[in-house]
Peer 1: 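Handing you this structure, nothing more for now.
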Amino acid sequence: LEGVSLTVGGIAAPLVFVSGSQIDFVIPASLAGQSSVPLVVTVNGRASAPETVVLATYAPTIFSLNGLGSGQGAITDGLNNVVDSANPATPGASVLKIFCAACGPYPLPSSTVVTIGGITTAVVGDLSHGWPDPPTVYILGAFLPASVQPGSAVPVTITVNGVTSNTVTIAVAPAAP
């Protein structure tokens, strides 16, 4: 993070990660309600030209292990183990923790849902508890429906206020007899 700063709408944005080709940051909550703002990146005292960025209240994103927003999701079970082929979830018996961002203001709308293998299920808890306000990372709890078919790459999305996230995957074991 050394030598890099970023402003959005003239407000310093908290940086999460910086590399030679990527800057991850948090949009300041005070910009809520604005539709577009200028973004300026400063590296070692040299500021870029402003670029206009479009803001959205809801842009849910599920984290993935590859950092690209696809493939194996950053989704754990009740023991905080990643739900993957080595640790598949059990339909009707597993509670999942889904790590995501950009879900909008806290608390989440009651219409927020999780879709796993084409089956929609309600969010059973927001484990981020609104801290910080708004949370920079949400942790959503969801039951794995008994009717989800097994597989090593079962798709998972979240929908917040009618906006659907990227698709990631989890492994699902065959249902217990």
Side-chain angles (χ1 to χ4, degrees), residues 1 4-19 21-42 48 50-77 80 82-84 95-144 153-170:
L1 305 179
V4 176
S5 64
L6 188 138
T7 60
V8 184
I11 301 168
L15 302 180
V16 177
F17 172 80
V18 175
S19 73
S21 62
Q22 177 177 324
I23 301 173
D24 294 347
F25 61 96
V26 178
I27 300 289
S30 60
L31 297 175
Q34 295 193 37
S35 59
S36 65
V37 293
L39 178 138
V40 176
V41 177
T42 302
S48 70
E51 290 286 333
T52 300
V53 294
V54 176
L55 301 180
T57 302
Y58 302 98
T61 304
I62 302 174
F63 295 118
S64 64
L65 297 188
N66 67 13
L68 300 174
S70 61
Q72 174 64 54
I75 300 173
T76 62
D77 61 17
N80 295 320
V82 173
V83 179
D84 59 11
V95 176
L96 305 175
K97 291 191 273 184
I98 303 167
F99 291 78
C100 50
C103 294
Y106 189 82
L108 289 172
S110 60
S111 61
T112 301
V113 296
V114 175
T115 303
I116 305 169
I119 309 296
T120 299
T121 185
V123 172
V124 294
D126 174 3
L127 307 175
S128 51
H129 304 293
W131 185 89
D133 184 17
T136 51
V137 174
Y138 283 84
I139 306 168
L140 305 183
F143 286 113
L144 180 61
V154 176
V156 178
T157 61
I158 56 174
T159 302
V160 181
N161 211 38
V163 180
T164 301
S165 71
N166 57 310
T167 301
V168 297
T169 62
I170 60 169

Peer 1: When you measure from the side chain of Ser48 to the backbone of Val41, do you find a donor-acceptor pair of N or O atoms at a distance under 3.5 Å?
Peer 2: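 Side chain of Ser48 to backbone of Val41: a pair is present.
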Peer 1: Side-chain contact, heavy-atom cut-off 4.5 Å: Val114 with Leu96?
Peer 2: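 Result no, sub-4.5 Å side-chain heavy-atom pair not found.
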Peer 1: Would you say the side chain of Cys103 lies within less than 4.5 Å of the side chain of Thr112, judging by non-hydrogen atoms?
Peer 2: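 Thr112 vs Cys103: side chains apart.
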Peer 1: Would you tabulate the side-chain donor-acceptor contacts of residues 22-34 under 3.5 Å, counting partners in other chains and residues two or more places apart, or write 'none'?
Peer 2:
| unit_1 | atom_1 | unit_2 | atom_2 | d |
| --- | --- | --- | --- | --- |
| Gln22 | NE2 | Asp24 | OD1 | 2.9 |
| Gln22 | NE2 | Asp24 | OD2 | 3.0 |

Peer 1: Do you know the tightest heavy-atom contact between Val124 and Ala142?
Peer 2: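 Reported closest heavy-atom pair: CG2-N, 3.7 Å.
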Peer 1: Does anything in residues 159-170 pair up under side-chain hydrogen bond (donor to acceptor under 3.5 Å, both in side chains), and if so which pairs, sequence neighbours excluded?
Peer 2: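 Only Thr159-Thr164 qualify under side-chain hydrogen bond (donor to acceptor under 3.5 Å, both in side chains).
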Peer 1: Calculate, to the nearest 0.5 Å, the distance between atoms CG and NZ belonging to Asp77 and Lys97 respectively.
Peer 2: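 It comes to 7.5 Å.
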Peer 1: Quick check on side chain to side chain contact (heavy atoms under 4.5 Å, CB included): which of Leu144, Ile116, Val83 does Val154 satisfy it with?
Peer 2: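 Output: one option passes, namely Ile116.
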Peer 1: So, Gln72 side chain and Ala153 main chain: donor-acceptor pair closer than 3.5 Å or not?
Peer 2: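 No; judged by distance alone, with no hydrogens or angles, the pair does not exist.
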Peer 1: Kindly list each side-chain donor-acceptor pair under 3.5 angstrom involving residues 54-63, sequence neighbours excluded, with atom names and distances?
Peer 2:
| unit_1 | atom_1 | unit_2 | atom_2 | d |
| --- | --- | --- | --- | --- |
| Thr61 | OG1 | Ala59 | O | 3.1 |

Peer 1: How far apart are the C-alpha atoms of Leu108 and Leu140, what are their side-chain angles, what is the distance that settles it, and do they pass the side chain to side chain contact (heavy atoms under 4.5 Å, CB included) test?
Peer 2: CA-CA 10 Å; Leu108 289 172; Leu140 305 183; 3.2 Å; yes
Peer 1: Hey, does Thr121 have a side-chain heavy atom less than 4.5 Å from the side chain of Ile119?
Peer 2: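 Contact flag for Ile119/Thr121 side chains = no.
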